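Worth saying up front: this structure is predicted, and the values here are computed from it rather than measured. So you know, we letter chains A, B, ... as the sequences are listed, proteins then strands, and number each from 1.
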Amino acid sequence: MDKQAIKALIEAHPARTALDQAFYTDADIYERDVSQIYLKSWLYAGHISEIVNIGDWFLFELAGESVIIVRSSEDQVSALLNVCRHRGSRICLEKKGCARRLICRYHAWTYDLEGHLRGAAHMGEDFDKSGISLKKIHTEVLDGMIYVNFAEQPAPFEPVREGLTECLRPYRLENARVAHRQTYAIEANWKLSVENYTECYHCAPSHPEYSRGHSLAKPEARSAALMDEVMSRAQACGLSDKSVSRIYLDAEGFGADYAYERYPMWRGHVTGSEDGQPVAPLMGDIKGYDGGTTDFQVGPVSFALAYCDYVVIYRFTPVSLHQSECDISWLVNADAEAGKDYDKDRLVWLWDVTTAADKRIIEYNAEGVKSRYYEPGPLSKMEDYTWKYMSWYLQAIKP
Amino acid sequence: MDKQAIKALIEAHPARTALDQAFYTDADIYERDVSQIYLKSWLYAGHISEIVNIGDWFLFELAGESVIIVRSSEDQVSALLNVCRHRGSRICLEKKGCARRLICRYHAWTYDLEGHLRGAAHMGEDFDKSGISLKKIHTEVLDGMIYVNFAEQPAPFEPVREGLTECLRPYRLENARVAHRQTYAIEANWKLSVENYTECYHCAPSHPEYSRGHSLAKPEARSAALMDEVMSRAQACGLSDKSVSRIYLDAEGFGADYAYERYPMWRGHVTGSEDGQPVAPLMGDIKGYDGGTTDFQVGPVSFALAYCDYVVIYRFTPVSLHQSECDISWLVNADAEAGKDYDKDRLVWLWDVTTAADKRIIEYNAEGVKSRYYEPGPLSKMEDYTWKYMSWYLQAIKP
Amino acid sequence: MDKQAIKALIEAHPARTALDQAFYTDADIYERDVSQIYLKSWLYAGHISEIVNIGDWFLFELAGESVIIVRSSEDQVSALLNVCRHRGSRICLEKKGCARRLICRYHAWTYDLEGHLRGAAHMGEDFDKSGISLKKIHTEVLDGMIYVNFAEQPAPFEPVREGLTECLRPYRLENARVAHRQTYAIEANWKLSVENYTECYHCAPSHPEYSRGHSLAKPEARSAALMDEVMSRAQACGLSDKSVSRIYLDAEGFGADYAYERYPMWRGHVTGSEDGQPVAPLMGDIKGYDGGTTDFQVGPVSFALAYCDYVVIYRFTPVSLHQSECDISWLVNADAEAGKDYDKDRLVWLWDVTTAADKRIIEYNAEGVKSRYYEPGPLSKMEDYTWKYMSWYLQAIKP
């Protein structure tokens, strides 16, 4: 679909209505999605606890791109394109590792941890290594969470940091550790995955495990009294009662969204777990369970749920036009020991079972939107967030 | 390939010659195949015995489309697009089932058996359900066989009914039952599958099992005397000796083809089975074996073979440019019991072994027609039917 | 990418630099690769010892094409397109076989071993078989090695024959036998496979098994003295000390490249094997091990390594845009017996382990060159041959 047609489609798009089929099936639109959204937004890459020592690295991959996230010095994280400057080979071939130098296995071109070319044999005497480095993208670390941005001049990250620091402080995420990380392959355009995450209209019919404890699933049953109850306990537990939301079209910079919001769990539930009871030690400075839970967001496609005892961070990425990935990290206090302080199976249960269900749901959605008879329908009151995301999306890719 | 090029290719197509490569490999032509042929023709969906009770349903799928064939009332069969009117999810996820309401599992939008939206939560007070229904396509039931048509105004089905009712009456297919149904995936453009079905030039070299009993495989050996013999017995057995053929360019309406023809089996064979002997009780009102067999056709891609003791119904559908499916139903009298009145393995043997061979043959054909060196060759005298189909096909998709 | 864009890209291509991304990812360029290179060059098909008897045949497949290489008479090899002239089916369905007639299994059209149609039933009285044959491509046999060319008027093969006959004579390849043949599927554009083969810059880092014995891997350590030593022994062993190289832009005809070159192995190594010691009887007329080894090439994508005791022949072919194959034949003297005169596992060890490593390397290269951030880098002094090949390639496909 050429630019004119894409533009016309976007301009004609009715409000509060599901997206037109072309946004899920057109290869040119997909390329715009990648270039205008993913290569310009702040994206969650991983947590500092995954690269504790200098030289530790892991890969962050999306849409055919591979980035080496490496601890390049005590204080520094570098994000280097995993593409050799010689003939383009991948350099790091595993998912993670540790190295003093990054050496391309093909012809042994050797780079330091900041990506500068340090060795290349047989290149002749007039060869100047100094101008050659692995391409580097921007990184920011917020409370131990590493965010990256492919843009040459990304939107400033400072507003995100300023907006969230106080709210996140009690969790002490810089002292957390990834207890489990898992990637779920979803056979669907990435937008169907994000749409699914951004609304809880489907929670009641599709997620009985989640709906048992979380009031988001049934907003009509949620009373102001319940909210007041939680908030009155929050401060004593050391938790912020502030809300912030600068997302999508309201973000301070493109792809630099942030939000933080608390809401009550149903009585008898204090965290996201099979029985609603704690599954790990209280995080950071938190002193008790106030009966609430937290959603926070950084960038347009990275979301988190912060419970008093653990945090899960979601990230959605495209793989190809009809494939996406949902990457989930479960964080606990760094000093919590598996098998002693927490049971990993209990810790991951809720969001594993919920994501497995979402994968199925999203894939059935993907089948339907490809139908010649698919006609985008009206969104419900519970899809406001989704429509915020869609409105921004349409503007973001508009030629 | 643009419309002008397709038109030119069709106009230049030599008579009685295999199709040009582009008809098997061009994505635009494939889309025309679907829109101009499959979405406008009468197609066999299944048999009424598969949805005995109100709320029973099964899916009919082709070319990425999914249709819910449901018994919506005592007397009515509805065919509803399996695409939710909200955000497009598939509604029915299994191959068959039974339900009082059709409920989308994603957000619980709920439809009645005629497709009218009956429930949708959180849509706001000004939301008007009454205008929203699952899209519906046309259905017709002929002697228990359910045919569907996606066109808004399909060619009338009445001529088909009138043309076939008398011939089919002795089989009493409205009292039949599907003893077995199987779908064969074929890695080939759908037209190669249909071409294969429409000629028996390949029967002698490729289907020894079929050729043992069926005189179509060797027309040169078939005598008028043998035909007369069969016909003279037909009436006593309660079978019609009429032939009708209004197919392809001779059909009374587009995609509303019908044909009925009897021809002799070789002596010693009375039905299509491994030994030529009966494999199930006589069907309907038929009183004996006359030594003949029957081909009948409804629509351009649904064919049937009616023996005195069972009927097989074939349907060919596209899956994608290079994938098709052959769906076969084996029908016996509704009161025939498996294991007692018939042995299922014996019943299905001939057409299973023959279709497995055809799958291989068609797939090798598909490999060859993709060659840069493929040049369509002349058709034999035994490919008249195939050429009838091809001539119609070329007209049908001509821009 | 249209012809203008391809032309502009080629004209702007910097010297001694890796290829631009489009050459690895563009579907139109891939089609040019096939039509301008593979369908016009001399390609190794196999060895005469694989079709000893009249009617013996094997298939040569590339880029969706299938060719039947058949011994059509005592003295003749024919190469026939494996596409029936009727409706295009593949005729030979296995990888190899033996037949007096080539019979299409679909409708039994029957061809003789030179491809002339000899039988076709039911074609009517005015059907003239005589004008119908399987399409045939050119073949040449050089010392038992069968080369084919799809072009209608290929570049003459005589210069190749004249250029190599004397050098190859001692090996007596017309008396050799294929001891093992294996095809390695490589998930990468074919050019990445050929680039890999044409340089030994990667040998030291990637192939320790090869580098132990072969001085190509470390040219800087190779002394003129070592070369003189080998050459001085060569004549006594019956080996030629001539070098020839008419390749790529220097070839006498398009796609009719040839080269022959000897170079020393490291001391203690006399052949390509795990321990550097012989793995099979001396080939042909060779009288001893001179400590050298031989590279020779016929056509642009068929290479060979000739040791004193065995010869390996490589051929690279495209399968699709992102898939290629490396086919390797190991040749020994025809009278050498497996298990007695040679151990097959020892014989194939070096080039199997090396090719398995190359497959991985090439596939990681393929991932990287698809990156939006891939930028072709400078070639080393050890990639001269690769640049020769690339320069020719760019000219060859230039519109």
Side-chain angles (χ1 to χ4, degrees), chain B residues 16-25 27 187-189 191-196 198-208 211 216-221 322 357-384 386-387 390, chain C residues 27 31-32 34-36 38-40 59 61-68 79-94 101 103-111 115 117 119-129 131-137 150-152 318-320:
Chain B
R16 299 193 59 82
T17 303
L19 294 180
D20 196 274
Q21 181 174 65
F23 296 104
Y24 303 116
T25 59
E187 296 289 311
N189 184 280
K191 291 186 289 294
L192 293 169
S193 299
V194 172
E195 288 170 21
N196 173 272
T198 53
E199 49 90 355
C200 210
Y201 189 28
H202 73 281
C203 295
S206 296
H207 299 309
S211 301
L216 265 195
K218 276 206 171 178
E220 70 276 21
H322 294 303
D358 278 329
K359 171 183 160 65
R360 284 194 301 274
I361 290 167
I362 295 166
E363 290 176 348
Y364 284 120
N365 196 6
E367 284 187 36
V369 297
K370 288 180 205 151
S371 167
R372 294 163 188 82
Y373 298 89
Y374 165 63
E375 205 174 287
L379 299 182
S380 71
K381 304 293 174 198
M382 284 184 75
E383 290 161 296
D384 285 353
T386 306
W387 178 244
M390 286 176 169
Chain C
E31 269 311 313
R32 291 191 77 78
V34 175
S35 64
Q36 303 303 306
Y38 276 89
L39 302 187
K40 290 189 178 171
L59 295 186
E61 300 191 309
L62 82 163
E65 301 301 341
S66 177
V67 182
I68 307 162
L80 308 168
L81 262 297
N82 191 9
V83 181
C84 184
R85 295 304 305 271
H86 173 227
R87 269 169 41 203
S89 177
R90 289 271 178 267
I91 295 163
C92 294
L93 309 181
E94 290 79 36
R101 291 282 201 237
I103 304 175
C104 180
R105 301 213 195 149
Y106 201 161
H107 303 94
W109 280 35
T110 301
Y111 304 87
L117 182 61
H122 298 286
M123 291 305 295
E125 303 206 343
D126 54 345
F127 178 67
D128 179 15
K129 276 196 285 283
I132 298 183
S133 297
L134 295 180
K135 295 185 182 183
K136 197 174 205 166
I137 65 172
F150 286 84
E152 283 190 33
V319 173
S320 67

_E31(C) portion near chain B, given a 4.5 angstrom heavy-atom threshold_ =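 Contact with chain B is through the side chain of E31(C) alone.
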Measure the spacing between [atom1] of [X] and [atom2] of [Y] and express it to the nearest 0.5 Å.
X	Y	atom1	atom2	answer
Y106(C)	E199(B)	OH	CD	5.0 Å
I361(B)	C104(C)	CD1	SG	9.0 Å
H107(C)	M382(B)	NE2	CE	9.0 Å
C84(C)	Y364(B)	SG	OH	15.0 Å

If we only count heavy atoms from C-beta on, is the [X] to [Y] side-chain gap below 4.5 Å?
X	Y	answer
L81(C)	Y374(B)	no
L39(C)	R372(B)	yes
K135(C)	E375(B)	yes

Heavy-atom cut-off 4.5 Å, strictly under: side chain, backbone, both or neither for [X] against chain C?
X	value
E383(B)	side chain
D358(B)	neither
P378(B)	both

Please report the closest heavy-atom contact between [X] and [Y], naming both atoms and the distance.
X	Y	answer
H86(C)	S380(B)	NE2-N, 4.5 Å
G368(B)	R90(C)	CA-NH1, 3.6 Å
L379(B)	R87(C)	CD2-CD, 3.7 Å
S89(C)	N365(B)	N-OD1, 3.5 Å

*Between P376(B), P219(B), S371(B), S206(B), which shows the greatest number of heavy-atom pairs under 4.5 Å with chain C?*
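Most pairs with chain C among the choices: S371(B).
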*Got more than 12 heavy atoms from elsewhere within 6.0 Å of CD, E152(C)?*
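Atom CD in E152(C) is not crowded, with 12 or fewer foreign heavy atoms closer than 6.0 Å.
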*Those residues of residues 16-23 of chain B, ordered by number, that approach chain C below 4.5 Å (heavy atom to heavy atom)*: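 Contacts with chain C: A18(B).
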*ring pair (Phe, Tyr, Trp, His ring centres under 6.0 Å) involving Y373(B) - partner list, sequence neighbours excluded*: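 Partners of Y373(B) under the ring pair (Phe, Tyr, Trp, His ring centres under 6.0 Å) test: F150(C).
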